[in-house]
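Heads up, the thing below is written out as structure tokens.
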Number of protein chains: 2
Amino acid sequence: MTRSATALHAEILESAARLFAAHGFRGTSLQDIASDAGCSKASLLYHFTNKDAILTELLTPAGREMAELEERLAGLDGKDAARAAVAGLVDLSLHFRRQVKILVQDVDSLINRPELPDVYALTERLVDALTGRSPTPQARVWAWMAMVGIFLTSAAEHALPDSALRAELTRGALRTLGRGTD
Amino acid sequence: MTRSATALHAEILESAARLFAAHGFRGTSLQDIASDAGCSKASLLYHFTNKDAILTELLTPAGREMAELEERLAGLDGKDAARAAVAGLVDLSLHFRRQVKILVQDVDSLINRPELPDVYALTERLVDALTGRSPTPQARVWAWMAMVGIFLTSAAEHALPDSALRAELTRGALRTLGRGTD
DNA sequence: GTCAGAACTGTCCGATCGGTCAGATAGGGT
DNA sequence: ACCCTATCTGACCGATCGGACAGTTCTGAC
């Protein structure tokens, strides 16, 4: 069982997030995390039941926000839905950069995790919200492009300034969608 | 040393490409590949010096095309460069879908491989080609978005028809770039 | 039929993985 | 002083990893 939240507990999570994002879940060993956090491997497994529990605790907040975004979209349509989808995705991507990178690296093995909503189902909902009631094939492709672009551009730490990123991603996405937003 | 190209040799590459793309390089064992290709693990290591050599042979053609694209862009500017960049990236992404996915999964560990050009350097060249001589920050973000969008939308096998993808990706990218192409 | 070399495999090896466990250490309440 | 509990660790375990190697089977040239 995962124990109480101590200083080391938080440091382990921080180290794991950085290492998972950099080298992937499978590419990061418990010893790697322990060394980075400055404790023993056995101490990791005192604070977390197992390696998987670390990943779960990392992904849970992001998963919750993804689920909330999905619910929010269910009550909207037209331009409201499109705007909410873009804004929500930009927020989520910028707020959970490392989780996004972890998610992208290991989508197929993470897709059935209870702490994450079905990523592909959420994708479909977002595409629906972005393309409106006239889902032409090209509009769907553009929506995919814009979404993936937001997702990964925010996760890429290279060559991108952070400050104006939010506004520019939103603007770029809306431009991609063009009249696809009705 | 890697031996001659036989039927099994090709089957191993095919299996490895599929499995690497699905579960990542580290997430795929030699036994996994051998089972999928219908031979023994030892037979893999007869046809390839080691696990890494399989990955190298998978990535080399993609790396060559990436290098060629980079060279091609060096001799162009303005709208020619932008068009060539988008067309080249779409071609490359659609032709090497699984390699793109492998690349995205493990960018940071693949970045120093001799068979691949520096991915981030190529990215910079592409952004330059797309944004032209007036590289405003927002234009660079949009270019990033469009490039990543092309890259990953083509690699995602889910929910996307293949036929019209090429044209739509190109159109979507140009739309994102807008007047960024001069 | 014979033989050489290519193709292939069973078996073993050291390293490393995630995980267990008994015990050391430290601090607070009594 | 005492003990209880939370925290932490070294040593160890079975499984699995990538890889080595000797030996077997296949195949075409002669």
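For Leu30(A) and dT9(D), the CG to C1' distance is 15 Å, given to the nearest whole Å. Whole-Å rounding puts the Gln31(B) CD to dC17(C) P distance at 20 Å. In this structure, Phe48(A) atom CZ and dC8(D) atom C1' are separated by 15 Å, rounded to whole Å. As a whole-Å value, the separation of His23(B) NE2 from dC17(D) C1' is 17 Å. If you take OH of Tyr46(B) and C1' of dG19(D), they are 17 Å apart, rounded to a whole angstrom. Atom pair Leu44(A):CG and dC17(C):P shows a separation of 13 Å (rounding to whole Å applied). Remark: P of dA22(C) and CG of Leu45(A) are 16 Å apart, rounded to the nearest angstrom. Taking atom CD of Glu11(A) as the reference point, atom C1' of dC8(D) lies 14 Å away to the nearest angstrom.
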Does the pair Glu11(B) and Ser15(B) meet the rule for a side-chain hydrogen bond (donor to acceptor under 3.5 Å, both in side chains), with working shown? CA-CA 6 Å; Glu11(B) 264 189 72; Ser15(B) 294; 5.8 Å; no
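Side-chain atoms of Asp106(A) never come within 3.5 Å of backbone atoms of Ser109(A) as a donor-acceptor pair (strictly under, hydrogens ignored). Looking only at distances, no side-chain donor or acceptor of Asp91(B) sits under 3.5 Å from a matching main-chain atom of Gly88(B). With hydrogens and angles ignored, the 3.5 Å screen pairs no side-chain donor or acceptor of Glu70(A) with any backbone N or O of Arg125(A).
Among the nucleotides dC8(D), dT20(C), dT9(C), the one closest to the side chain of Ala42(A) is dT20(C). Among the nucleotides dG18(D), dC8(C), dG18(C), the one closest to the side chain of Leu8(B) is dC8(C). Of the candidates dG18(C), dT9(C), dT9(D), the closest approach to any side-chain atom of Lys51(A) belongs to dG18(C).
Counting non-hydrogen atoms under 4.0 angstrom, Ser29(A) reaches the backbone sugars and phosphates but no base.
Because its NZ or CZ atom is not both nearer than 6.0 Å to the ring centre of Phe151(A) and within 45° of the ring axis, Lys101(A) does not count as a cation-pi partner of that residue.
Residue-to-nucleotide contacts include a donor-acceptor pair under 3.5 Å from the side chain of Lys41(A) to the base of dG19(C).
Residue His47(B) has a polar side-chain atom (N or O) positioned under 4.0 Å from OP1 or OP2 of dC8(C). Of the side-chain N and O atoms in Ser40(B), none sit less than 4.0 angstrom from OP1 or OP2 of dC8(C).
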